[in-house]
A.B. asks: 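Would you mind keeping the following structure in view while I ask a few things?
Worth saying up front: this structure is predicted, and the values here are computed from it rather than measured. Naming: A, B, ... by sequence-line order, numbering from 1 per chain.
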Protein chains: 2
Amino acid sequence: MDTFLTQPKQTFVNLSPEKRESIVRAAVSEFAEQGYQRASLNNIVKRLGISKGSLYQYFDNKEALFLHVFDHFTQQVKQYVKASVGGNGRDDFFVVARQVLLAGIAFIDSHPEYFQVYLKVLFERDVPRREELVARVRLFSLEYFGPLADLAMGQGVLRSDIPSQKVVFILDAMLDRFLQGYAQPYLDGGLALAGMSAGRLDDEIDSMVAVLRTGLQPSGNGE
Amino acid sequence: MDTFLTQPKQTFVNLSPEKRESIVRAAVSEFAEQGYQRASLNNIVKRLGISKGSLYQYFDNKEALFLHVFDHFTQQVKQYVKASVGGNGRDDFFVVARQVLLAGIAFIDSHPEYFQVYLKVLFERDVPRREELVARVRLFSLEYFGPLADLAMGQGVLRSDIPSQKVVFILDAMLDRFLQGYAQPYLDGGLALAGMSAGRLDDEIDSMVAVLRTGLQPSGNGE
DNA sequence: CCATAATATGACCAGGCGGTCACATTATGA
DNA sequence: TCATAATGTGACCGCCTGGTCATATTATGG
């Protein structure tokens, strides 16, 4: 998780941070809009006002540029999750779920295009090293909630008639789908999540977590 | 919902049903693998062993071919849902949810490529008449569950502290995401839904519906 | 049989793609 | 100052795309 997918050429490293950022930004934008295969290097250099030859001085090829962008993305995600989730293991299972969901929302709000890149990777063929890329992101959720669910189940906080793995799947599915709906029009089920005020969004999240809590906790612990 | 998105040329209608089907099949296959924009008419005619000119005798252009394919898809979906869901309005809310989910699974099993086309449309830009296409599919779920949820809430079968619209969102999200996981590798949360036997799949579905039931019904009606 | 209509064909077009490379420009440091 | 290294440039390449069209083939029915 900590190693890089690819390395830019030395020429790119020598660039000023501003220029490096602007290049990454333009690339993210293009990959977010078009996905990997349709993304056009000609477009990217046109946006940047640099020549195509320069881009090839910075990265070996399209794939290397894309992997560099994805590296940036995973680093950002890591930061957000780490910052949003307290960290001590004694938090309530569903409180943590709520925190993770909020972290996701915050991430999408500040890096909407990165999330689009991720969604494109999920549903596009022939993305270089796709399995590996997806795994890097999804393991955040699965490896994070897995042990947490095991722990919660041991403490009797989760209903015991459903294996913890399924609990993780359900939790992951709900959170992931909520974020999809937030980021993608048409998937919000008429809830208009996209343009929603922070307050109303909180309500939606509360409802969802409430349902998860009631549905996943042992019977009898009601509300 | 009943009108067609597009009409093939008369030449296509004159074709034998076998040839029409083989053409649609080849097109579905290409659109499923590549999405709309990346799909190649050259590929399609190569697969079919016909000339490009012929394809243009059947359809005005790429968009018309695609819309015809999507028309086929929605018709198929309608059939499956209609066939799988009993229909009388007196069924238990969550039993219906289970039926719809099973209908979705059955549909993906027998038309995996159609579902891929739909997923591609959801996450691709510049798909012609995308809003309209997505709406045609999603309204099945929303318009179907909406009234059903209102009814169930009136009967006190659903918890009253969450608006029925949110209930529909949650239900729709869970079902939709389950189908995504079934159709798409990486999204099954390590549950290996894809290659799963019918029996074990039933278990997974039962778990999910059980959680929804417990989570969504009024407190006190436990189990 | 033969004229006409319907259908099939694939070379061709303009445009875009990822990638290359000979050359122009700028930075470096002795 | 000036040789050398580093960096920037865009015309160019082969390939593929959606779409066209003059021409060849086949079906039709009087």
Side-chain angles (χ1 to χ4, degrees), chain A residues 6-24 26-27 29-31 33-70 120 124-129, chain B residues 6-24 26-70 120 124-129:
Chain A
T6 185
Q7 273 159 317
K9 292 188 179 182
Q10 185 59 41
T11 315
F12 183 73
V13 180
N14 293 344
L15 254 36
S16 76
E18 296 78 29
K19 184 145 193 186
R20 281 205 306 267
E21 269 172 42
S22 82
I23 289 171
V24 170
S29 193
E30 178 74 8
F31 284 122
E33 285 173 17
Q34 311 291 350
Y36 175 77
Q37 295 285 354
R38 276 243 300 164
S40 153
L41 299 186
N42 289 328
N43 258 354
I44 293 175
V45 299
K46 211 182 296 163
R47 294 185 197 211
L48 286 166
I50 67 174
S51 70
K52 186 145 57 159
S54 284
L55 192 56
Y56 275 87
Q57 305 254 38
Y58 305 148
F59 297 92
D60 281 325
N61 47 36
K62 189 182 187 180
E63 173 171 338
L65 172 60
F66 172 71
L67 292 176
H68 182 73
V69 162
F70 206 91
K120 287 286 189 342
E124 185 179 346
R125 286 202 171 199
D126 306 324
V127 175
R129 300 168 71 176
Chain B
T6 186
Q7 274 158 316
K9 293 188 179 181
Q10 186 59 41
T11 316
F12 183 71
V13 180
N14 294 343
L15 254 35
S16 74
E18 296 78 30
K19 185 146 191 186
R20 283 204 305 268
E21 270 171 41
S22 81
I23 289 170
V24 170
V28 170
S29 194
E30 179 73 9
F31 284 122
E33 285 174 17
Q34 311 291 348
Y36 175 77
Q37 294 285 356
R38 275 244 300 164
S40 154
L41 299 187
N42 289 329
N43 258 354
I44 293 175
V45 301
K46 212 181 297 163
R47 293 186 199 210
L48 286 166
I50 67 175
S51 71
K52 187 147 54 159
S54 284
L55 193 56
Y56 274 87
Q57 305 255 37
Y58 305 147
F59 298 92
D60 282 325
N61 47 36
K62 188 182 186 179
E63 173 171 339
L65 172 61
F66 173 70
L67 292 177
H68 181 75
V69 161
F70 206 90
K120 287 286 191 337
E124 186 179 345
R125 285 202 170 199
D126 305 324
V127 175
R129 299 166 72 175

A.B. asks: Excluding sequence neighbours, so at least two apart, what forms salt bridge (Lys or Arg N to Asp or Glu O under 4.0 Å) with A/Arg125?
C.D. replies: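 So A/Arg125 forms no salt bridge (Lys or Arg N to Asp or Glu O under 4.0 Å) with any residue.
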
A.B. asks: Applying salt bridge (Lys or Arg N to Asp or Glu O under 4.0 Å), can you list everything that pairs with B/Lys9, at least two apart in sequence or on another chain?
C.D. replies: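 Expected list: B/Asp60.
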
A.B. asks: Can any side-chain N or O of A/Glu63 pair as donor or acceptor with the backbone N or O of A/Pro128 at less than 3.5 Å?
C.D. replies: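 Not a single qualifying donor-acceptor pair exists.
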
A.B. asks: How many angstroms lie between atom CZ of B/Arg129 and atom OG1 of B/Thr6, to the nearest 0.5 angstrom?
C.D. replies: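 Those atoms lie 7.0 Å apart.
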
A.B. asks: Using a cut-off of strictly less than 4.0 Å, decide whether B/Asn14 has a side-chain nitrogen or oxygen near OP1 or OP2 of C/dA6.
C.D. replies: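 Looking at the OP1 and OP2 atoms of C/dA6, neither is under 4.0 Å from any side-chain N or O of B/Asn14.
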
A.B. asks: Starting at NZ of A/Lys62, measure out to CD1 of A/Ile44 and round the result to the nearest 0.5 Å.
C.D. replies: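 A/Lys62 atom NZ to A/Ile44 atom CD1 measures 8.0 Å (nearest 0.5 Å).
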
A.B. asks: Starting at the 5' end of nucleotides 24-30 of chain D, put B wherever the base has a protein heavy atom under 4.0 Å, S where only the sugar-phosphate does, and a dash everywhere else.
C.D. replies: -------

A.B. asks: Mind calculating the distance between CD1 (A/Ile50) and P (D/dT7) to the nearest angstrom?
C.D. replies: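 The distance from CD1 of A/Ile50 to P of D/dT7 comes to 14 Å, rounded to the nearest Å.
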
A.B. asks: Roughly how many Å is it from NZ in B/Lys9 to C1' in C/dA5, rounded to a whole number?
C.D. replies: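 Taking NZ of B/Lys9 and C1' of C/dA5, I get 16 Å after rounding.
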
A.B. asks: OP1 or OP2 of D/dG8 sitting under 4.0 Å from any side-chain N/O of A/Ser51?
C.D. replies: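 A/Ser51 to D/dG8 OP1/OP2: no side-chain N or O under 4.0 Å.
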
A.B. asks: Establish, with yes or no, whether the OP1 or OP2 oxygen of C/dT7 is under 4.0 angstrom from a side-chain nitrogen or oxygen of B/Tyr58.
C.D. replies: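 Checking B/Tyr58 against C/dT7: no side-chain N or O falls below 4.0 Å of OP1 or OP2.
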
A.B. asks: Nearest to the side chain of B/Lys19, heavy atoms from C-beta on, is which of D/dG8, C/dA8, C/dT9?
C.D. replies: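 Nearest listed nucleotide: C/dA8.
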
A.B. asks: State which residues pass side-chain hydrogen bond (donor to acceptor under 3.5 Å, both in side chains) with B/Glu124; sequence neighbours excluded, sorted by chain then number.
C.D. replies: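 side-chain hydrogen bond (donor to acceptor under 3.5 Å, both in side chains) check on B/Glu124 returns nothing, list empty.
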
A.B. asks: Counting just side-chain N and O atoms, does A/Thr11 come under 4.0 Å of either OP1 or OP2 of D/dT7?
C.D. replies: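 Yes, within the criterion.
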
A.B. asks: Nearest-Å distance, CZ (A/Phe59) to C1' (D/dT7)?
C.D. replies: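 So the CZ-C1' distance, A/Phe59 to D/dT7, works out to 15 Å.
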
A.B. asks: Got a second to check how far A/Glu30's CD is from A/Phe66's CZ, nearest 0.5 Å?
C.D. replies: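 The distance works out to 12.5 Å.
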
A.B. asks: Between CD of A/Gln10 and CG of A/Leu15, what distance do you get to the nearest 0.5 Å?
C.D. replies: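 Spacing of CD (A/Gln10) from CG (A/Leu15) equals 10.5 Å.
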
A.B. asks: Please confirm whether the backbone N or O of B/Lys19 pairs with a side-chain atom of B/Ser22, one donor and one acceptor, at under 3.5 Å?
C.D. replies: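 Yes; judged by distance alone, with no hydrogens or angles, the pair exists.
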
A.B. asks: When you check every protein heavy atom under 4.0 Å of nucleotides 16-21 of chain D, what one-letter string (B, S, -) results, 5' to 3'?
C.D. replies: -SBBBB

A.B. asks: Using a cut-off of 4.0 Å between protein heavy atoms and nucleotide atoms, how would you tag nucleotides 22-27 of chain C 5' to 3' with B, S and -?
C.D. replies: ------

A.B. asks: Pick out which of A/Lys120, A/Arg38, A/Arg47 makes a salt bridge (Lys or Arg N to Asp or Glu O under 4.0 Å) with A/Glu33.
C.D. replies: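 Filter result, single survivor: A/Arg47.
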
A.B. asks: To the nearest Å, give me how far apart CG (A/Leu55) and P (C/dC17) are.
C.D. replies: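 In whole Å, C/dC17 P lies 13 Å from A/Leu55 CG.
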
A.B. asks: Measure the distance from CD on A/Gln10 to P on D/dG8 and round it to the nearest whole Å.
C.D. replies: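 Rounding to the nearest Å, CD of A/Gln10 and P of D/dG8 are 13 Å apart.
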
A.B. asks: In terms of the angle between their ring planes, are A/Phe12 and A/Phe59 parallel, tilted or perpendicular, with boundaries placed at 30° and 60°?
C.D. replies: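 Tilted, since the angle between the ring planes falls between 30° and 60°.
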
